[in-house]
Amino acid sequence: MTRILALLALLFFAATSSAAQTPGVSAAPTVAEPRPQRTERIEAELVSMSQWAAPGSTAIVAIRQQIEPGWHTYWRNPGDSGGATTLDWTLPAGVVAGDIVWPLPERQRLQTLMNYGYQGRVYLPVPIEIPADARPGTTLPLEVTALFLVCSDEMCVPDELTLHINLPIREGAAPLDATHGAAIQSVVETAPRSAGIEARVALEGGVLRLTATGGPLTGLDPGRAWFFPFDSGTIAHAAPQPGERGPDGVTLNLTQGGRIAATGLTGPIAGVLATDDGAWEIEATPGPALAGASGGGALELSEGQATTEGASLVSFLQAAVFALLGGLILNLMPCVFPILAMKAASLAGSAHDRTEARRDGLAFLAGVLATFLVLAGVLLALRAGGQAIGWGFQLQSPGVVAALALLMLAVGLNLSSVFNVGAGLQAAGSGRLSRLPGGAGAFFTGVLAVVVAAPCTAPFMAFALGAALVMPWPMALVVFLMLGLGLALPYVIVSLSPRLLGLLPRPGPWMERLKGLLAFPMYGAALWLIWVFARQAGEDALGVLFVAALLMALGLWLVGINQARRAEGGTAILSAITAALALVSAIGLTGAAVSLARSGPDAASAPVGELASQPWSEDAVRAAQAEGRPVLVNFTADWCVTCKINEQTSLESARVAEAMRATNAVYLVGDWTRRDDAITRELERRRRSGVPLYLVYAPGSAEPRILPQLLTEGVVVDALEAARP
């Protein structure tokens with residue numbers, strides 16, 4: 001008897017197993033139990049809102065996420081960093097999956113960044129269209145490959161999970177799934193959607209003034225309100241959103257993002273307007289403010305914004321300190337050293353006249369700060385006007401580079417005593433390195449130091465200037481002034497310290513010899529700038545600039561002859577006229593050289609060396625990652641001295657080339673020698689205001705690893721090895 005019962009049980013089990021494995025046949029009228037998939041950071045499963053679906057209906061399924069504490073995933077617009085969850089469906093014929101119904105995200109602050117995402121348990125509902133010819137009593141197998149970018153405060157990991165569910169087909173209205181139905185229904189009912197709200201937006205001095213009225217906003221006391229844009233670059237996500245209420249709606253003042261700053265307000269802005277009483281999708285078209293959106297008092301700051309002012313102050317203080325440190329380190333960079341060496345020798349000449357030394361030190365500081373203030377003002381004004389530019393922007397202009405090359409040549413000729421500025425021949429023999437009298441010479445040298453410092457980016461500068469460019473302009477100007485203070489500080493400290501001055505040697509013939517020696521770094525700077533001009537403008541323009549430089553040298557030599565004649569009591573009318581003609585011709589030919597500058601993308605070429613490179617673009621990065629290859633990105637410019645040093649010592653070495661081959665990596669170069677708005681936007685996205693910037697992408701990773709500004713072979717090789725698939 002026992003054997004018979006066991007045999008019957010075995011037959012029953014086999015029959016039910018066979019029915020369960022037969023395609024299109026369901027042994028039960030409710031949803032088959034889904035199988036959760038897990039990683040160390042997230043658990044996910046595909047679940048249904050209802051127990052079954054009717055033919056010709058729209059069913060709702062959802063990707064349930066259970067995110068580990070300390071980790072989060074992202075909304076459709078991740079904010080300042082991150083990446084949205086993406087779904088790749090595999091469905092039976094006739095079944096169509098719609099877009100994700102995104103629940104309202106949380107605002108997640110990370111230092112100075114603001115992201116939009118989710119923590120804990122999250123449901124992402126998706127409507128599924130069931131074909132009318134689906135047969136009751138069968139099941140529809142649904143499969144989705146979900147790619148989650150799961151991040152903590154320290155790192156991000158892309159987790160890809162394949163989820164399944166068998167959705168039963170039955171006639172009639174289905175009750176909610178007992179486990180997940182009510183939670184999914186709540187998300188669907190509360191998710192933002194259009195509600196007849198009219199919205200307008202206007203750009204006023206870098207601020208997007210958003211007004212919204214009508215629909216559920218009429219007569220509503222919203223308490224708090226904030227805006228989540230659908231597209232990145234629309235607003236500065238971390239900035240406060242102060243506003244006011246009105247009888248028919250609300251007004252929000254939003255800080256423009258990088259895309260709006262670069263292109264201006266060119267079309268509607270879409271997103272979610274959230275309040276304490278609900279959230280709705282809106283599309284704000286450019287236009288004047290709507291009536292009824294203001295006049296009822298200020299809105300409360302939304303959650304997380306109350307601390308923004310304090311966080312902004314901390315960021316400002318941090319940027320100011322980093323700018324000061326960057327300015328100090330800038331003194332050691334090769335582009336600035338010749339000027340500072342010249343001023344150090346000049347300081348030695350006045351070291352034993354404390355009053356004169358103090359005057360020169362303060363005048364040099366004034367020249368540095370004034371020039372930084374002018375550069376910062378122009379930079380911020382152009383950016384406020386929609387220009388996509390960053391630190392060193394002036395060297396992207398062939399005209400500026402040509403003018404600086406001739407200026408460096410003139411300074412070198414002055415140091416070589418070919419001519420004298422502001423002094424007669426007798427004064428030229430006094431050993432003074434500054435040819436302008438008194439504090440004017442020290443002030444001019446401060447100006448010159450800042451001008452030649454533009455091609456250099458020292459450590460700490462990138463963060464400081466990148467942060468400054470998204471701050472209110474008074475804070476940004478202070479950050480730039482702190483950078484100037486750091487550059488001038490060593491010279492000022494020495495000039496104000498009697499003890500340090502006493503350590504300097506007394507003036508003597510050695511100063512004249514040193515002055516002549518320091519002319520050669522200036523000639524080197526002139527030659528380097530001419531090379532940069534050639535890369536920007538082409539061979540024809542270079543030839544014309546050579547002639548302009550020759551005529552300028554001739555004109556300044558004649559100026560020196562004229563000065564010597566007058567010092568001897570004679571006249572030099574012919575030399576004065578010839579000098580004037582030569583200098584005017586040099587200016588005219590410089591303009592002609594600039595006008596010949598090529599404007600095409602081949603005007604500047606990428607670095608050459610051991611590595612074979614391709615031009616950088618976002619598509620190129622994605623294409624390489626799709627092939628499973630690491631990506632090394634070098635944002636550089638021909639006028640960036642730090643970039644060239646890194647390329648010669650690290651990037652273009654045989655060891656790095658071998659590491660690139662071993663890891664099958666792709667080398668992309670973003671050449672910023674001439675203006676490129678796409679590169680500028682990428683620098684802004686990485687919170688940088690200039691080059692160099694080095695990124696290493698691992699296959700499948702949305703966010704890159706940012707390498708230090710001063711590279712070594714080991715740093716690059718280690719980053720490539722870490723990015724190996």
A.B. asks: Before you tell me yes or no, could you show the steps for Ile282 and Phe227 under side chain to side chain contact (heavy atoms under 4.5 Å, CB included), namely the whole-Å CA-CA distance, both residues' side-chain angles and the distance that decides it to 0.1 Å?
C.D. replies: CA-CA 10 Å; Ile282 63 171; Phe227 179 68; 3.9 Å; yes
A.B. asks: Please list, chain by chain and in numerical order, all residues satisfying side chain to side chain donor-acceptor pair (under 3.5 Å) with Arg622, sequence neighbours excluded.
C.D. replies: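 Asp619.
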A.B. asks: Is there a donor-acceptor contact under 3.5 Å from the side chain of Arg109 to the main chain of Ala238?
C.D. replies: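 The answer is yes, because a donor-acceptor pair under 3.5 Å joins these two groups.
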A.B. asks: Hey, are the side chains of Glu682 and Glu618 touching, using non-hydrogen atoms and a 4.5 Å cut-off?
C.D. replies: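 Yes, close enough: below the 4.5 Å cut-off.
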A.B. asks: Working to the nearest 0.5 Å, report the span between CZ of Arg209 and CG of Leu254.
C.D. replies: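 Arg209 CZ to Leu254 CG: 10.5 Å, rounded to 0.5 Å.
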A.B. asks: Atom CG in Leu693, atom CD1 in Ile679: separation rounded to 0.5 Å?
C.D. replies: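 Reported value, rounded in 0.5 Å steps: 10.5 Å.
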A.B. asks: Do the side chain of Thr213 and the main chain of Ala293 share a donor and acceptor less than 3.5 angstrom apart?
C.D. replies: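 Pair absent, no side-chain N/O of Thr213 close to backbone of Ala293.
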A.B. asks: Kindly indicate, with the supporting measurements, whether the criterion side chain to side chain contact (heavy atoms under 4.5 Å, CB included) is fulfilled by Thr190 and Leu104.
C.D. replies: CA-CA 8 Å; Thr190 59; Leu104 188 69; over 6 Å; no
A.B. asks: For a quick test of reading the model, state the closest non-hydrogen atom pair linking Gly326 to Leu483 and the distance between them.
C.D. replies: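 In terms of heavy atoms, the two residues are closest at C-CD1, 3.9 Å.
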A.B. asks: With distance as the sole criterion, is a donor-acceptor pair present between the side chains of Thr275 and Arg224 under 3.5 Å?
C.D. replies: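 Their side chains do not contain a donor-acceptor pair, so the 3.5 Å distance test is not met.
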A.B. asks: Taking all atoms of both residues into account, what is the closest heavy-atom pair of Ala59 and Leu167, and its distance?
C.D. replies: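 Nearest heavy atoms, Ala59 then Leu167: CB-CD2, 4.1 Å.
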A.B. asks: Measure from the side-chain N and O atoms of Asp231 to the backbone N and O of Thr234, and report whether any donor-acceptor pair falls under 3.5 Å.
C.D. replies: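 Side chain of Asp231 to backbone of Thr234, a donor-acceptor pair under 3.5 Å: no, none is there.
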A.B. asks: Specify the closest pair of heavy atoms between Pro92 and Leu140, including all atoms of both residues, with the distance to one decimal.
C.D. replies: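 It is CG-CD2, 4.3 Å.
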A.B. asks: Excluding sequence neighbours, so at least two apart, what forms side chain to side chain donor-acceptor pair (under 3.5 Å) with Ser57?
C.D. replies: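 Residues passing side chain to side chain donor-acceptor pair (under 3.5 Å) with Ser57: none at all.
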A.B. asks: What's the separation between atom OG1 in Thr251 and atom CZ in Arg200, rounded to the nearest 0.5 Å?
C.D. replies: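 Taking OG1 in Thr251 and CZ in Arg200, the distance rounds to 13.0 Å.
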A.B. asks: Please test Thr162 against Gln37 for side chain to side chain contact (heavy atoms under 4.5 Å, CB included), starting from the C-alpha separation and ending with a verdict.
C.D. replies: CA-CA 8 Å; Thr162 300; Gln37 303 295 312; over 6 Å; no
A.B. asks: With no hydrogens and no angle check, is any side-chain donor or acceptor of Asp80 less than 3.5 Å from a backbone partner on Met114?
C.D. replies: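 The answer is yes, because a donor-acceptor pair under 3.5 Å joins these two groups.
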A.B. asks: Examine distances only and state if a side-chain atom of Arg193 and a backbone atom of Val188 form a donor-acceptor pair shorter than 3.5 Å.
C.D. replies: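 Looks like yes, one N/O pair under 3.5 Å.
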A.B. asks: How about Asn77 and Tyr116: do any of their side-chain heavy atoms sit closer than 4.5 Å?
C.D. replies: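 In contact.
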A.B. asks: Tell me, do Val95 and Pro131 make a side-chain contact under 4.5 Å, heavy atoms counted?
C.D. replies: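 Counting from C-beta outward, Val95 and Pro131 do come under 4.5 Å.
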A.B. asks: Does the side chain of His72 reach to within under 4.5 Å of the side chain of Glu106, using non-hydrogen atoms?
C.D. replies: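 No, side chains not in contact.
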A.B. asks: So, taking the atom named CD1 in Ile260 and the one named CD1 in Ile269, what distance separates them when rounded to the nearest 0.5 Å?
C.D. replies: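 Reported value, rounded in 0.5 Å steps: 4.5 Å.
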A.B. asks: Show the nearest heavy-atom pair for residues Leu210 and Ala284, with the distance to one decimal.
C.D. replies: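 Looking at all heavy atoms of both residues, the shortest contact is CD1-CB, 3.3 Å.
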A.B. asks: Do Asp221 and Arg245 have side chains that approach each other closer than 4.5 Å (heavy atoms only, starting at C-beta)?
C.D. replies: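 Result yes, sub-4.5 Å side-chain heavy-atom pair found.
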A.B. asks: Can you see whether Glu703 engages Ser81 through a side-chain donor-acceptor pair at a distance of less than 3.5 angstrom?
C.D. replies: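 The criterion, which ignores hydrogens and geometry beyond distance, is not satisfied for Ser81 and Glu703.
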A.B. asks: Quick check for you: to the nearest 0.5 Å, what is the distance between Asp248 atom CG and Thr211 atom OG1?
C.D. replies: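 Reported to 0.5 Å precision, the distance equals 11.5 Å.
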A.B. asks: Yes or no on salt bridge (Lys or Arg N to Asp or Glu O under 4.0 Å) for Glu43 and Arg38, after CA distance, side-chain angles and deciding distance?
C.D. replies: CA-CA 4 Å; Glu43 176 186 275; Arg38 297 178 179 87; 2.6 Å; yes
A.B. asks: Considering non-hydrogen atoms only, spot the tightest contact between Leu369 and Gly484 and give its length.
C.D. replies: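 Heavy-atom minimum between the residues: CD2-C, 3.9 Å.
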A.B. asks: What are the two closest non-hydrogen atoms of Ser232 and Pro78, and how far apart are they?
C.D. replies: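 Reported closest heavy-atom pair: OG-CD, 4.5 Å.
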A.B. asks: Using side-chain heavy atoms (C-beta onward) and a distance below 4.5 Å, is Tyr74 in contact with Arg76?
C.D. replies: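 No, every pair of side-chain atoms sits at 4.5 Å or beyond.
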A.B. asks: Atom CD1 in Ile60, atom OG in Ser48: separation rounded to 0.5 Å?
C.D. replies: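 Rounded to the nearest 0.5 Å, the CD1-OG separation comes to 9.0 Å.
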A.B. asks: Answer yes if the ring centres of Trp672 and Phe635 are under 6.0 angstrom apart, and no otherwise.
C.D. replies: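 No, the ring of Trp672 stays outside the 6.0 Å limit from the ring of Phe635, centre to centre.
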A.B. asks: Under 30°, 30 to 60°, or over 60°: which ring-plane class applies to Trp102 and Tyr118, parallel, tilted or perpendicular?
C.D. replies: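 Ring orientation, 0 to 90° scale: parallel.
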A.B. asks: Begin with the C-alpha distance, continue with both residues' side-chain angles, and end with the deciding distance and a verdict on side chain to side chain contact (heavy atoms under 4.5 Å, CB included) for Glu40 and Glu68.
C.D. replies: CA-CA 8 Å; Glu40 296 178 0; Glu68 290 296 313; over 6 Å; no
A.B. asks: Between Ile169 and Pro55, is any pair of side-chain heavy atoms under 4.5 Å apart?
C.D. replies: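 Yes, side chains in contact.
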A.B. asks: Sub-3.5 Å donor-acceptor pair from the side chain of Gln65 to the main-chain atoms of Tyr123, do we have one?
C.D. replies: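 No.
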A.B. asks: For residues 143-150, run the donor-acceptor check on the side chains, cut-off 3.5 Å, and write out each pair with its distance to 0.1 Å, sequence neighbours left out.
C.D. replies:
{"residue": "Glu143", "atom": "OE1", "partner": "His164", "partner atom": "ND1", "Å": "3.3"}

A.B. asks: Among Thr73, Thr39, Thr85, which residue meets the side-chain hydrogen bond (donor to acceptor under 3.5 Å, both in side chains) test with Asp159?
C.D. replies: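 Of all the options given, the one that passes is Thr39.
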A.B. asks: Could you check if a side-chain atom of Leu252 sits within less than 4.5 angstrom of a side-chain atom of Leu299, using non-hydrogen atoms only?
C.D. replies: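 Yes, side chains in contact.
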